[in-house]
Amino acid sequence: MNRNQNPVSVFEYRDYRVFLRDWYKAAKEARGSFSFRAFAKKAGFQTSNFLMLVIQGKRNLTEESLKKFIVGLGLNKQEQEFFRNLVFFNQAKTHHDKNFYYQKLLQSKKLNQLKPIEKEEYEYYSTWYHPVIRELVISKDFDGTPEWIAKKIFPSVAPAHVLKSIELLEKMEFIRKNGDGRWEQVSTLVSTGPELTSVVVHNYHKSLLDLSKEVMDQLSLQYRDVSSLTLGVKRERLGELRTKIREFRQEILKLASADVEPEEVVLLNMQLFPVTRVEDK
């Protein structure tokens, strides 16, 4: 089968096993005689069902088998680089490695042509002050200058960074100017969509934790409320506690969404995690 006849693009995927599954299905539909054995022969594998085992998650790709897959898939140079980074991204054991290979994926020119918003979302959630600035630009006291926000925001951010943040927010269509020339939010609430990978959200939460440590030493008790509970619970109680936290978070969102002209911007962090080893059932 000619590679160009296969409509499946690797740049559309963030899970290489799903890509392989769809690629094989498309190859099979294009040429009924195509099989796992045919792929193995083209790629140079002795095991006829190796592709199937990888798709099922029963085998990982090594550096050597990855080279053979590139041959079997008939990938061009851009596709090869993306597929290689995608494999390492999916098989990474640590967040550090996942983040490294995800950044490699975002550097793909082809990906930026197909899904430019993904790179912008990565930038948005990699810096704590973008969501803060999104709230400040609709404040009734905002004079329209980056300098005003730079003085208002805490901890301080340079006016040049504020300007870039506003440009990013407008580009992502999170904010826009109304008929009066003032900024308004396109929607009152922003949440991560299903296509946003967990590594991006992980980065955002880490940046918020670092920020919390920084501001705790600079704010007096009257402006902050930090508390913690250490509880002994049954294992099945963990799910119930997480549900309660989600319900509480939704209540807070409903209250805050009614304030269309915010005067202050606050950050609410809620943390719940076991400090004993959770055994897999």
Side-chain angles (χ1 to χ4, degrees), residues 8-23 50-51 53-70 73 75 77-131 165 168 172 190-214 238 242 245-246 249 267 269-281:
V8 179
S9 170
V10 67
F11 301 103
E12 297 285 346
Y13 292 82
R14 298 301 170 267
D15 186 327
Y16 83 89
R17 299 183 199 274
V18 177
F19 162 69
L20 292 176
R21 179 199 66 194
D22 293 350
W23 182 93
F50 190 74
L51 171 59
L53 295 175
V54 173
I55 292 175
Q56 294 175 345
K58 297 178 179 179
R59 293 286 191 277
N60 282 340
L61 291 184
T62 63
E63 189 67 47
E64 181 179 355
S65 59
L66 180 55
K67 293 177 182 178
K68 293 181 179 181
F69 262 69
I70 288 174
L73 294 168
L75 303 178
K77 189 174 181 180
Q78 281 192 68
E79 293 168 339
Q80 290 177 28
E81 182 179 3
F82 190 88
F83 181 70
R84 178 182 296 274
N85 289 322
L86 184 61
V87 169
F88 292 148
F89 167 68
N90 291 152
Q91 294 183 175
K93 301 298 183 182
T94 66
H95 172 73
H96 178 272
D97 289 343
K98 276 189 172 294
N99 189 49
F100 175 81
Y101 287 112
Y102 187 71
Q103 289 185 53
K104 290 283 188 181
L105 293 174
L106 293 180
Q107 291 171 9
S108 168
K109 293 182 179 179
K110 188 67 174 180
L111 175 65
N112 290 327
Q113 292 173 358
L114 294 174
K115 292 187 175 182
I117 189 65
E118 188 164 344
K119 188 172 183 178
E120 294 165 4
E121 287 178 330
Y122 180 86
E123 183 180 352
Y124 178 80
Y125 285 105
S126 294
T127 307
W128 67 268
Y129 55 76
H130 291 317
S165 180
L168 174 65
M172 296 182 70
V190 176
S191 61
T192 55
E195 293 189 7
L196 196 62
T197 64
S198 60
V199 68
V200 180
V201 181
H202 189 102
N203 284 344
Y204 180 60
H205 290 159
K206 283 182 65 178
S207 71
L208 295 186
L209 291 174
D210 291 337
L211 175 65
S212 298
K213 291 189 293 184
E214 181 180 350
L238 292 176
R242 291 177 61 192
I245 291 175
R246 284 195 292 267
R249 190 164 59 231
L267 175 63
N269 281 334
M270 292 180 288
Q271 304 167 35
L272 173 72
F273 53 89
V275 290
T276 54
R277 293 189 183 276
V278 179
E279 298 179 2
D280 293 330
K281 288 188 177 180

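The line from CG of L66 to OH of Y16 is 9.0 Å long, rounded to the nearest 0.5 Å. Between the CG atom in L106 and the CD atom in E120 there is a gap of 11.0 Å [rounded to 0.5 Å]. Put simply, CZ on F11 and CG on L86 are 10.5 Å apart, with the number rounded to the nearest 0.5 Å. Atom CD in E123 sits 8.5 Å away from atom CE in M172 (nearest 0.5 Å). For the atom pair CG of N60 and CD of Q91, the computed distance is 4.0 Å after rounding to the nearest 0.5 Å. Rounded to the nearest 0.5 Å, atoms NZ (K67) and OG1 (T62) are 9.5 Å apart.
Looking at R84 and E63, a side-chain N of the basic residue comes within less than 4.0 Å of a carboxylate O on the acidic one, giving a salt bridge.
Contact annotation: the side chain of F50 approaches that of L61 to within less than 4.5 Å [non-hydrogen atoms, C-beta and beyond]. Between W128 and L267, every side-chain heavy-atom pair lies at or beyond the 4.5 Å cut-off. Residues N203 and H95 form a side-chain contact, since some pair of their non-hydrogen atoms from C-beta on lies under 4.5 Å apart. When side chains are defined from C-beta on, H202 does not count as touching K98, because their heavy atoms never get closer than 4.5 Å.
Using modelled atom types, one side-chain atom of S126 and one backbone atom of Y122 make a donor-acceptor pair closer than 3.5 Å. With T127 contributing its side chain and H130 its backbone, the two residues share no donor-acceptor pair below 3.5 Å. R17 places a side-chain N or O within donor-acceptor distance of the main-chain N or O of V54, the cut-off being under 3.5 Å.
Under the salt bridge (charged side-chain N to carboxylate O under 4.0 Å, His left out) criterion, K58 pairs with no residue, sequence neighbours left out. Partners of F88 by ring-ring contact (aromatic ring centres under 6.0 Å, His included), not counting sequence neighbours, listed by chain and number: Y101. In this structure E64 satisfies the side chain to side chain donor-acceptor pair (under 3.5 Å) test with no other residue, sequence neighbours excluded.
In terms of heavy-atom proximity, Q80 sits nearest to L75 at NE2-O, 3.0 Å. Between D15 and N90, the closest heavy-atom pair is CA-OD1, 3.3 Å. Scanning both residues, V10 and F82, for their nearest heavy atoms gives O-CE2, 3.3 Å. Nearest heavy atoms, S165 versus Y129: CB-CE1, 4.2 Å. For the pair R14 and F89, the tightest heavy-atom approach, listed with the atom from each and the gap, is O-CE2, 4.0 Å. Minimum heavy-atom separation, N269 to S212: ND2-OG, 2.8 Å.
Surrounding NZ of K104 are at most 12 heavy atoms belonging to other residues, nucleotides or ligands under 6.0 Å away. No more than 12 heavy atoms of other residues, nucleotides or ligands shown are found within 6.0 angstrom of CZ on R242.
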inquiry  = side-chain contact (heavy atoms from CB on, under 4.5 Å), that's the test. Do E121 and V200 meet it? Break it down for me.
reply    = CA-CA 8 Å; E121 287 178 330; V200 180; 5.7 Å; no

inquiry  = Assess the residue pair F83 and L20 against the criterion (side-chain contact (heavy atoms from CB on, under 4.5 Å)); give the C-alpha distance rounded to whole Å, side-chain angles, the decisive distance to 0.1 Å, and a yes or no.
reply    = CA-CA 10 Å; F83 181 70; L20 292 176; 4.2 Å; yes

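Relative ring orientation between Y125 and Y204 is described as perpendicular, the plane-to-plane angle rising above 60° on a 0-90° scale split at 30° and 60°.
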